[in-house]
Structures are given as C-alpha cells and as structure tokens.
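Please read the structure below before turning to the comments.
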Amino acid sequence: MAFTLPQGRSPMPTNLAIVVADATRLKIIRERLRLPGQAMHFSATNLVSAIDHIRSYQPNLIAVDALYAQTPAGIAAMERIERAATSGAEIRLITALNGQWVTVARKPTASIIDGSAASVITVSRPALPAAPVIPVNTRRAPRFLLRDTLSAIVENGSARLVDISALGAQVVSQPALRPNQTIKLALPDTNETLRVTAHVAWSMFEKPQTVIEPYYRAGIQFTNYAQQALEDYRRRHCADQPIPNPR
C-alpha cells in the first residue's frame, strides 16, 4: 500500500504501525513480526524519517527493537519517539520469544539522574531468555550486537563493528574487503588493543542515499582462534542477548 503525507493532522491515531529496528534485524522482523493493520518499517539509522512519519501519520502502534532500545542510541531514540507520538499511541518493544517475533509491553518508570527526571525502559513481561553459554569448541556461535560504536583498525583503514562472536564478526569498512582476503584487525578494548587475524567470508558493496561515502559490509571469520579472549571481549562490549538466527 502506498502512503502519501497528509495535509493536516487527524485528531486520532491511524490504524498504522511504525516499526524501528537495528539494520541487522530489520529484514527478519519485517518478515516474521505480525502486526494488525498496515506497518511501515524503518532502520534505526533512518530515525529522522521514522520520527517524521510518526508525527505525520499518528500511528496507533510504535514497535521498537528491544535490543536497540537498550543501547545508548536506542534510549535517546525512545525519548524522541515518545515526544513525537500522540497520547493514544502505544509504544511496545520487539523481541524473539520461543522462536517467534512478538511485541511486549514496556514499563516506563521515573528515575532521578543528576537531579533531572529520566525515563527508564524495562520489559514487564514476558522476560527475555538468558544468553546461552557459547562452547569454545564449536564452529558456529551466536552473534551479539555492540552496545556502543566501536571502530577496529583494518589494514590501512578502519571498520565499524556491527556484531561479534568468539568465531567471527560483521563489519562495515571503508577500505575494500574482498571474499577470501586475510586481514589483520586491532580491536579497541578497555585498557589495551586486542589484535586478531581474520578471513573475509563474504563482502557486499553498499552506497545508501543517506551517506556520502560508500562502504563494504563484510562477514569475517577469526583465523587465530583466540576464542577465550574474543569471548571475554564480547562480554565486555556486547548486548546480553544474542541476535536471533533466521529459521
């Protein structure tokens, strides 16, 4: 269904859902999350457009990726969404439970931080499952999103870490990365730099309209198998819940 921007604001929220999710989970959420009425999906990197549509269409439901909502950028985004939404709009969190993508209620509470009121977002129910322990002798391991933006040194340039496990990672790189290429990475850590070697499993050239410089999105496999060091690194820098695997 094609949407056109309304000329004025209707007094009541429309039968429309706005979905905001991290780019790495947007595709599977679009495919598997079932919502009543029509839905418009936005990547978290395109939050400005999502906010504009919330103001223009006044949706009755705004669903936000729960893992994204826990990040510093996601917390700030939730505040902007709350300001843009109408009083009749319901804001819920998207999560995977028992193999299905669903929305769950969020419970806003008041908290005082440095003398000012802030909104603390928690999931009321159902509770998110605990992250599984990753065996170090497996060839495949769950991936985890980074809590904050981290840039690794790759060859003669830099690459932003998207997600990571003890065995591999997804990166967005300005230097060209080619399949079967062997690369050296320097991962920024709390007190020192973790240096690893990796093999590029796949690579995709991307040039979204919203960015000036093109980049490469690539999946890499660590070749030196410093699994315990990488697993410890993942625990320090990543979200607690793994990225759900498509089935």
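The residues of the chain are indexed from 1 along the displayed sequence. What you see is a predicted model, and the numbers here were worked out from it, not measured in a lab.
- With hydrogens and angles disregarded, a donor-acceptor distance shorter than 3.5 Å links the side chain of Y233 to the backbone of P188.
- Ring orientation note: the planes of Y216 and F205 are nearly perpendicular, at an angle over 60° on the 30°/60° scale.
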Can I62 and E90 be said to form a side chain to side chain contact (heavy atoms under 4.5 Å, CB included), step by step?
CA-CA 6 Å; I62 303 168; E90 182 180 11; over 6 Å; no

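- Of all heavy-atom pairs spanning A84 and R55, the tightest one is CB-CG, 3.8 Å.
- Minimum heavy-atom separation, N15 to N60: OD1-ND2, 3.5 Å.
- For the pair V162 and R217, the minimum side-chain heavy-atom distance is below 4.5 Å.
- Residues V19 and R30 are not in side-chain contact: their nearest non-hydrogen atoms beyond the backbone lie 4.5 Å or more apart.
- When side chains are defined from C-beta on, R160 does not count as touching L150, because their heavy atoms never get closer than 4.5 Å.
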Criterion side chain to side chain contact (heavy atoms under 4.5 Å, CB included) on R25 and W101, from CA distance to verdict:
CA-CA 11 Å; R25 288 187 297 279; W101 286 91; 4.0 Å; yes

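- Considering only heavy atoms from C-beta on, I81 comes within 4.5 Å of I54 through its side chain.
- The shortest non-hydrogen separation linking R143 to I220 is NH2-O, 3.8 Å.
- Nearest heavy-atom pair across T95 and A66 is CB-CB, 4.3 Å.
- Side-chain atoms of D65 come within 3.5 Å of backbone atoms of D22 as a donor-acceptor pair (strictly under, hydrogens ignored).
- Under a cut-off of 6.0 angstrom, the local environment of CD in E192 is sparse, with at most 12 non-hydrogen atoms contributed by other residues, nucleotides or ligands.
- Between L185 and A198 the shortest heavy-atom distance is CD1-CB, 3.5 Å.
- Side-chain atoms of R92 come within 3.5 Å of backbone atoms of T103 as a donor-acceptor pair (strictly under, hydrogens ignored).
- Formation of a donor-acceptor pair under 3.5 Å by the T193 side chain with backbone atoms of A186 is not found in this model.
- Scanning all heavy atoms of the two residues, the minimum distance from A89 to P59 falls at CB-O, 3.3 Å.
- A 4.5 Å side-chain heavy-atom check between L93 and M78 finds at least one atom pair inside the cut-off.
- In this structure, V20 and I94 have side chains that are not in contact, with every pair of non-hydrogen atoms separated by 4.5 Å or more.
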Could you walk me through whether V154 and Q174 pass the side chain to side chain contact (heavy atoms under 4.5 Å, CB included) test, one step at a time?
CA-CA 9 Å; V154 178; Q174 291 290 345; over 6 Å; no

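- Between L145 and T71, the closest side-chain pair of non-hydrogen atoms is not below 4.5 Å.
- Contact annotation: the side chain of I164 approaches that of F222 to within less than 4.5 Å [non-hydrogen atoms, C-beta and beyond].
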